[in-house]
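Treat the numbers as computed from the prediction; the structure is a model and nothing was measured. In what follows, chains are A, B, ... by sequence order, proteins preceding strands, each numbered from 1.
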Amino acid sequence: MSHVTSLLAVLLPAANLFAQAPAGSQNLSPAALATRAKVQNVPEIPYESVPNFLKMPANLYLGEGIGIATNSKGHIFVYTRSQRTRLFEFDQNGNFVREIGEGLYGFVFAHAVRVDPQDNIWAVDEGSNMVIKFNPQGRVVMTLGRRPEPADAALPSPAPDPANPGKYIFNRPTDVGWDADGNIFVTDGYGNSRIVKYDKRGRFITQAGTRGSEPGQLNLPHSMAMDAKGNAYVADRSNRRIQVFDNDLKFKAIYDNVGTPWELCISPGPHQYLFSSNTFPDNNDYTLAGVTGEVYKMELDGTVVGKFGKAGKQWGEFSGLHEIDCRNPDVLYVSEIQLWRAQKLILHPSGR
Amino acid sequence: MKGSGLFCAVVWVFCGLLSAQAPEIAFDGNIDFLKLPANIHLGEAAGVATNSKGNIFVYTRSGESGVMGASRFFTYGGSRLFEFDPAGKYLREIGTGVYGFLFAQSVRIDAQDNIWAVDRGSNNIIKFDPSGRFLQVLSRKPESVNPTGAAGGGEGRGGGGRGRGGVPGQGVQGDSFNRPTDISWDAQGNMFVSDAYTNARIVKLDKTGRFVKTWGAKGSDPGQFDMPNSVAVDARGNVYVADLGNKRIQVFDNDGTFKTQIANVGAPWAICVSPGAHQYLYSSNSNQPDALDNGEIYKMELDGTVLGKFGTAGKQAKEFGTANEIDCRNPNTLYIGEVTNWRVQKVTLRGAR
């Protein structure tokens, strides 16, 4: 399934490639043209947003809505850059339950939160360079990586070595996932350009990736997801492609037709789907709003089955979509950077 | 760190063989011993100690530090001191918001149950009475600590202080420390401070806090140190220094005269001498924070004879994540402060001989 693009280019008449292009696309900036997803004529999946689903207590606010995940009971965890980085839990109706990890040493600058099959909560913090595992009760039970000591401290953290990033030190990690055996996978990240595999006790097994654009190389692995067979899907953001690795982190495939993948999610169950967000980054170049913002629903082999959403600030639109929870592939929770919010989305894939 | 390889090359047999032959000591490790309130979490648990009642004190890096200022920085916060009862029940916080709590390094309890917090960020060693009231402080927090490392934060990496530049305490007959790591006392109440990373020395103070003498400098010769990370004193007043970078424990008499060194137990991050008629010496060959190598803790006679070892580096129970302090008030019930695992582990040695 590598290089879906070239396949499509052969199958589709060239004229059709732009047939569905958004209005005004003839005025797109070079950045916008490069960002636009190559896949075209993708069916729209009808959907709706549940406005103001999360009920915040009067004295609590979300900041940048960086991470969102649900557990097996339907509780929702939001990892946000508020006044500090904070982790909040809500029940299945959106009622606030509690704060987790208040004042935690590893909470510096939130990046992602995920919940494993045992309902442990994992926070990925790119500011402390740590991946922190909480048990369902909200206590820390494992840490990966280490928050650098203050620069003024006597033992400054060693300067990052891109060629040898170290087994247990991250440089702005981005995401975490698990296979059926409980092995832990971490995308690392902004500083390093790799995916690392640990066993369930947190011992290093292997890693893959160096910075670059060749197959197997990575340039800002920004998100990841595991399928039931133990394959790892990496959102290779700056290379504008999804890369698939097997369980030993051997390169398998590239899907490069769905724009710039900021966020990946794979739904559970017998028929798994891969969701990928071609995220509208920010308002610096608003022409990007015309060619980004949509989320793709794919088969695991990269076949695009539909898309939904667009850039914008209304409910149902996305501004800096940063994490997707797809435990139920028809009821998604998404968090956004720019609008300091999370949304609950109801998808109607059969057009109901 | 570089001197250690050379040293081990010279006495290769001791470095390699003796520690490898040490028998394994059977033990249990309880990582859920301390019960914390829902809104309190340990960070890097650099320091742990018990008092005569068995209460447990944990000095942890909580990380919620702040900085004010631009042309001149003021740094505050970042570490907390908690007290638990002997069953692990949370009792209270001590020293909330105190001026010198920046970057926890260790905590020790003296013979009168006073609590001493050693802070590597502020250079302070802060004494609290058993009720938690402030009594005394050693050294001085630099006026301007720049945690970003950018210009404008004083005098280089040491953070300066005193507004004069240079490394605090260097060449000075006094208690101005630069990154102190530990404190212990002899039977007369004299204090011995390991002043670690730049000064690489031991400072002896009398029981009132008056400077007595200092010895040591950066290096690998006998009497020199490379990151003295821990200090302990036996009943006779001998001073044991964990010379981490040189991978040896150096032993001095009460006046700082070099006596011997113990170089077959890896890189000692934390050492502890148990009380009582038969004293033991514990030393942790801790893993570096970016690796999971080593991690075993040795039990020795005071003369360095290795009786056994236990544990390894890791993240599970009975494994240690960069052990930075050992409490051995009871030689068979140890408390281990772990940096990278953010926890205190209660270790019970079994089949003690």
Chemist: Report the option among B:L36, B:N341, B:I31 that has the most heavy-atom pairs separated by less than 4.5 Å from atoms of chain A.
Modeler: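 Maximum pair count with chain A is reached by B:L36.
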Chemist: Can you name the closest pair of heavy atoms from A:R114 and A:V176 and give their distance?
Modeler: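 So the minimum-distance heavy-atom pair works out to CG-O, 3.6 Å.
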Chemist: Salt bridge or not between A:R201 and A:D199? Use side-chain N to carboxylate O under 4.0 Å.
Modeler: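 Result for this pair is yes, salt bridge flagged.
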Chemist: If the contact rule is any heavy atom under 4.5 Å from chain B, which residues of residues 116-124 of chain A qualify, in numerical order?
Modeler: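 Within residues 116-124 of chain A, no residue comes under 4.5 Å of chain B, counting heavy atoms only.
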Chemist: Below 4.0 angstrom, N of the basic side chain to O of the carboxylate: do B:E44 and B:R120 qualify?
Modeler: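 Judged by the 4.0 Å cut-off on N to carboxylate O distance, B:E44 and B:R120 do not form a salt bridge.
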Chemist: Let's test your reading of the structure: which of A:R84, A:Q137, A:R139 forms the most heavy-atom pairs below 4.5 Å with chain B?
Modeler: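 Counting heavy-atom pairs under 4.5 Å, the top option is A:R139.
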Chemist: Please find the pair of heavy atoms, one from A:K55 and one from A:N93, that lie closest to each other, and give the distance.
Modeler: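 Result for this residue pair: NZ-O, 3.0 Å.
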Chemist: More than 12 heavy atoms of other residues, nucleotides or ligands under 6.0 Å from NZ of A:K200: yes or no?
Modeler: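 Counting other residues, nucleotides and ligands, NZ of A:K200 stays at 12 neighbours or fewer.
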Chemist: Specify which of A:K167, A:R98, A:M130 makes the most heavy-atom pairs with chain B at under 4.5 Å.
Modeler: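 Of A:K167, A:R98, A:M130, A:M130 has the most heavy-atom pairs under 4.5 Å with chain B.
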Chemist: I need the residue from B:P289, B:G314, B:G43 with the largest number of non-hydrogen atom pairs under 4.5 Å to chain A.
Modeler: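 Counting heavy-atom pairs under 4.5 Å, the top option is B:P289.
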Chemist: Side chain, backbone, both or neither: which part of B:A313 has an atom under 4.5 Å from a heavy atom of chain A?
Modeler: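 Contact with chain A: backbone only.
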Chemist: Could you state the interatomic distance from CZ (A:F245) to NZ (A:K250), rounded to the nearest 0.5 Å?
Modeler: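 Separation between the atoms: 11.0 Å.
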Chemist: Any luck finding a side-chain donor-acceptor pair between B:S284 and B:S286 under 3.5 Å?
Modeler: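 Indeed, the side chains of B:S284 and B:S286 share at least one donor-acceptor pair under 3.5 Å.
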Chemist: Using the rule given for side chain to side chain donor-acceptor pair (under 3.5 Å), can you reason through A:T70 versus A:D325, listing the C-alpha separation, both sets of side-chain angles and the distance that settles it, and then say yes or no?
Modeler: CA-CA 7 Å; A:T70 63; A:D325 177 89; 2.9 Å; yes
